[in-house]
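Worksheet: the structure to be examined is printed underneath.
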Number of protein chains: 2
Amino acid sequence: MDEPQWLNADELEAWKALAGVLFLLPTALDSQLQRDSDLAMADYMVLVILSERDGRSMRMTELATSANTSQSRLSRIVARLEAAGYVTRQMAPDDRRAVLATLTEAGMAKLVAAAPGHVAQVRKLVFDRLSPAQVASLNEVARALSNPDDSATCEIST
Amino acid sequence: MDEPQWLNADELEAWKALAGVLFLLPTALDSQLQRDSDLAMADYMVLVILSERDGRSMRMTELATSANTSQSRLSRIVARLEAAGYVTRQMAPDDRRAVLATLTEAGMAKLVAAAPGHVAQVRKLVFDRLSPAQVASLNEVARALSNPDDSATCEIST
DNA sequence: ATAGTTTATTTGACGCGGCAACTACTTCCG
DNA sequence: CGGAAGTAGTTGCCGCGTCAAATAAACTAT
């Protein structure tokens, strides 16, 4: 049970703690949003990203990248948001393969309504528990971990 | 869009980075394990936890807590693992409501086979990207975030 | 004992995300 | 031009996790 490059004690401890966060935080965050606003985190993020955009509009692929989701997931998310009236989809004028998702007024209103509760939850579960120095550490570490990893395919045994 | 206790610039940046990790890391980890060993992270964790136990046996509720999952999720995980022959379930002798999940030899073998690839992935996606000091920070921060939050229900607007 | 409450676990219904296949458009190149 | 290759996005199938309800056993107090 310790064959390749096993983890040392510090790493193992950190890994266990990180695994806990990875399991618990998304659930806790999702459940508040779901309960209070009937949105998943990913839905919320899509709304946020669109809201920050000039024209509140973006192409699907770019939106998927920004929201850190797969294209197929994004496609379903936007389909749901469209069904709820929060976004519209239209063909891009320059490239007829592409689709522009656009935040509607209703979507913007939804976001404004959902934000306070969500932010409160983020504050409660994350920032209230960290000193400013720890926030800086978190930023540094999270940035290191979210770089160009997502390829997610390691060439073991190929 | 800035009503309650909004996030300041540092917090916002850290939050965005953390959100990226929360979305990408589990996917990347799961996909390696799924592809190479046909196990989900949660399945793997359950096997690990049992393997570290005297008698390789534990009650469902305790297992759920240790693995940071809900009871119903754990129930399904163990059902799957049992179907695959990796664990067995038996009634606890002292409390007939309780169920003891026990790792089988096959389960242990499965874990031993899956571990190297998984650890390599963890190393690649996490520890290879962090200095020892950053590992210490990670440990500290992750520990702060995974304390007693899971209640997951905040009393906003009740 | 007995009814009521609490604890341990499972399950049915349902929605969501991943993978791979598919459509449709665009670009490249001879 | 015309076909091959690449790009954008969607969808069917399937497995997984959540929620709430169900089952069953164990206390608790009368």
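Throughout, a chain's letter reflects where its sequence line sits, starting with A, and its residues are numbered from 1.
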From B:K110, B:R76, B:R73, B:R80, residue fulfilling salt bridge (charged side-chain N to carboxylate O under 4.0 Å, His left out) relative to B:D43: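 With B:D43 as partner, B:K110, B:R76, B:R73, B:R80 yield a single salt bridge (charged side-chain N to carboxylate O under 4.0 Å, His left out), made by B:R80.
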
Taking atom [atom2] of [N] as reference, at what distance in whole Å does atom [atom1] of [X] sit?
| X | N | atom1 | atom2 | value |
| --- | --- | --- | --- | --- |
| A:L24 | D:dT18 | CG | C1' | 15 Å |
| A:L63 | D:dA8 | CG | C1' | 13 Å |
| B:D38 | C:dC19 | CG | P | 13 Å |
| B:L39 | D:dC16 | CG | C1' | 14 Å |
| A:D30 | D:dC16 | CG | C1' | 15 Å |

Are the side chain of B:Q121 and the backbone of B:A28 linked by a donor-acceptor contact shorter than 3.5 Å?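 Indeed, once roles are kept as given, a pair shorter than 3.5 Å links the two residues.
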
Heavy-atom neighbours of B:D54 CG exceed 12 at 6.0 Å: no

List in chain and number order the residues that pass salt bridge (Lys or Arg N to Asp or Glu O under 4.0 Å) with A:R53, two or more places apart in sequence or in another chain; answer none if no residue qualifies.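 By the salt bridge (Lys or Arg N to Asp or Glu O under 4.0 Å) rule, A:R53 matches A:E62.
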
Which nucleotides of nucleotides 5-17 of chain C have their base under 4.0 Å from a protein heavy atom (B), which only their sugar-phosphate (S), and which neither (-), written as one string 5' to 3'? --BSBBBBB--SB

Can you list every ring-ring contact (aromatic ring centres under 6.0 Å, His included) pair that touches residues 53-84 of chain B, not counting sequence neighbours?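 Checked against ring-ring contact (aromatic ring centres under 6.0 Å, His included) - neighbours excluded - no pair reaches residues 53-84 of chain B.
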
Given A:L22, A:V21, A:L125, A:L18, the one that forms side-chain contact (heavy atoms from CB on, under 4.5 Å) with B:S146: A:V21

